[in-house]
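All remarks here apply to the structure that follows.
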There are 2 protein chains.
Amino acid sequence: MKTVPLQSAKKSAVSCHNCSLSELCLPRGLNREELDLLESSINKTIKIKKKDYLFHRGDNQKAIFAIKAGAIKTSLSTPDGEEQILGFYLPGDLLGFDAFARDRHTCDAQALDDTLVCELSMDNFQELCGKLPIMRGQMMRQIGTEIEREQMLLLTLGQMRTEERLATFLSSLSERNKDRGFSQAEFNLPMARHDLANYLGMAVETLSRMFSRLQEEKIIAVQHRLVKIEDMGRLKQLAHHTCRPASDVL
Amino acid sequence: MKTVPLQSAKKSAVSCHNCSLSELCLPRGLNREELDLLESSINKTIKIKKKDYLFHRGDNQKAIFAIKAGAIKTSLSTPDGEEQILGFYLPGDLLGFDAFARDRHTCDAQALDDTLVCELSMDNFQELCGKLPIMRGQMMRQIGTEIEREQMLLLTLGQMRTEERLATFLSSLSERNKDRGFSQAEFNLPMARHDLANYLGMAVETLSRMFSRLQEEKIIAVQHRLVKIEDMGRLKQLAHHTCRPASDVL
DNA sequence: CGTTGGATTGATATCTGTCAAGCCCGGTGG
DNA sequence: CCACCGGGCTTGACAGATATCAATCCAACG
């Protein structure tokens, strides 16, 4: 857990107009005027060091967050120290909707890497929702996305064997990269094996073996965190259980 | 799938005042005046025969439902015919919040038994929310409950072994019975082994063996659908992974 | 009563977790 | 620049858990 110097990001530096993620993030669907309003409402961009927390379970909700760079995992932990990772959030993803119903976060959010997030305070968010009807709809849709994402994960954990789970995950990550304008066939995994194994409900060793097996089957080529999908057809076939094309978030 | 005559339930028969479930259902927290308003907004009480559907995934949301008698399961199904059961809803539970974010249901809802539900149309519900601030809060809290419930299930499927999963389920069901004023030590399971096994992500045979094992260990006594909890302490200990006392819905 | 579908039990195969060893790479200090 | 860590990752061997297949069993119901 060391400190890596991050690009300086002061309040004045916030600019949704220039942000390359604007098509994925809150600005989506807003016109220039609305965008100005949003931009002036963003409180600040904050830096989170690897392994630090953005929020904890039970914390009062102070803001909605948008990931600008890095990666965040959300998880539940049990009294006896075990955890279940619930999701991975990447640049362009919005975070914090889990607290919407109770004003308190239902899970922990920890940085997998040094991370930069934009913060929109709840006050400003509420005000914005008052002014911009489109924002209200986006709020509800985000909660819906959250629920659907969790339901898909339930299906994955409850019905699939380990190889299928990994195939489903890789297929989904590939879709997300495509949405972001990156390669859908070659990308880096944003998380360590340990975290991915936990998310997929299996032992690290099993995950490693499944990576190897997919590689033997010439479906992917993997080297540490770099994954190349060599046979998208067979990958998707393995992930056949998946209900719908892809959800917005892993 | 046969037809069993259900108690006749016409519009005029709706009465939240007399309903034994009022402490668990929408009326909770409402005063007499508000209750009158709610009661007059309930459109009707509808009967659903065993194995019939209350709604399907993708259906437009028409109403919020409250279970009066019987039981409903919600599930996701895959193109290749497999399903993952997401939850079981019992008398007093509210159903339909899954569609809140998109106006479309995210899962199927099927009756496990002949079932009676009260229907509150979305129009009436929205109007009621306008008049009664307390209802607005209840709506958001319901969505939150839904999310937390699914997160708990993810933890169960992802981290526990089969015996612990069953222990967690039984412990949770016991709590719910207590909330309803029924015995927390002895109750009937509302679902078949097949459905419970699916919900808990295991084979029917494994579930059956785990029932037998818990019985051998003198933690429970089980005879078909009747379960007696003989050693609540050890049951809860087995379910130790559980984060919080109990959620409102299984 | 006989039928039927759900539930249990047993035998076995398969999958997955666990333990242990080794590998690889990046970081550190000489 | 190189040798030496140390952590994450992979691999192998094995044990244990769970699924599968098959045979009853049992209760509900006609």
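Letters go in sequence order (proteins before strands), and every chain restarts at 1.
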Inset, instruction - Please determine if A:Arg180 and A:Asp93 form a salt bridge, counting it only when a charged side-chain N lies under 4.0 Å from a carboxylate O. - result: yes
Legend entry - Note: A:Arg213-A:Glu163 ion pair, threshold 4.0 Å (strictly below):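 Result for this pair is yes, salt bridge flagged.
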Starting at [atom1] of [X] and ending at [atom2] of [N], how long is that distance when rounded to a whole Å?
X	N	atom1	atom2	answer
B:Leu166	D:dA17	CG	P	16 Å
B:Met191	C:dA7	CE	P	11 Å
A:Gln159	D:dT18	CD	P	16 Å
B:Glu205	D:dC21	CD	P	9 Å
A:Lys50	D:dG7	NZ	C1'	10 Å
A:Met202	C:dG17	CE	C1'	12 Å
A:Glu163	C:dT14	CD	P	16 Å
A:Glu216	D:dT10	CD	P	13 Å

Legend entry - Rounded distance (nearest 0.5 Å) linking atom NZ of B:Lys68 with atom OG of B:Ser20: 8.5 Å
Legend entry - Approximate separation, where rounding is to 0.5 Å, of B:Leu90 CG and B:Asp179 CG: 11.5 Å
Legend entry - A:Phe88-A:Tyr199 aromatic ring centre distance below 6.0 Å: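 Yes, ring centres under 6.0 Å apart.
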Inset, instruction - Give a yes/no answer on whether the side chain of B:Arg209 brings an N or O atom under 4.0 Å of OP1 or OP2 in D:dT18. - result: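 No, B:Arg209 has no side-chain N/O under 4.0 Å of OP1/OP2 on D:dT18.
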Ignoring the backbone of [X], work out which of [options] is nearest its side chain.
X	options	answer
A:Ala192	C:dT16, D:dC9, C:dG17	D:dC9
B:Met210	D:dT18, C:dT18, C:dT8	D:dT18
A:His224	C:dC25, D:dA13, C:dT8	C:dC25
B:Thr206	C:dC19, D:dT10, D:dA19	D:dA19
A:Arg161	D:dT20, D:dA13, D:dT18	D:dT20
A:Thr162	D:dT10, C:dT16, C:dT18	C:dT16
A:Ala203	C:dG17, C:dC19, C:dT9	C:dG17

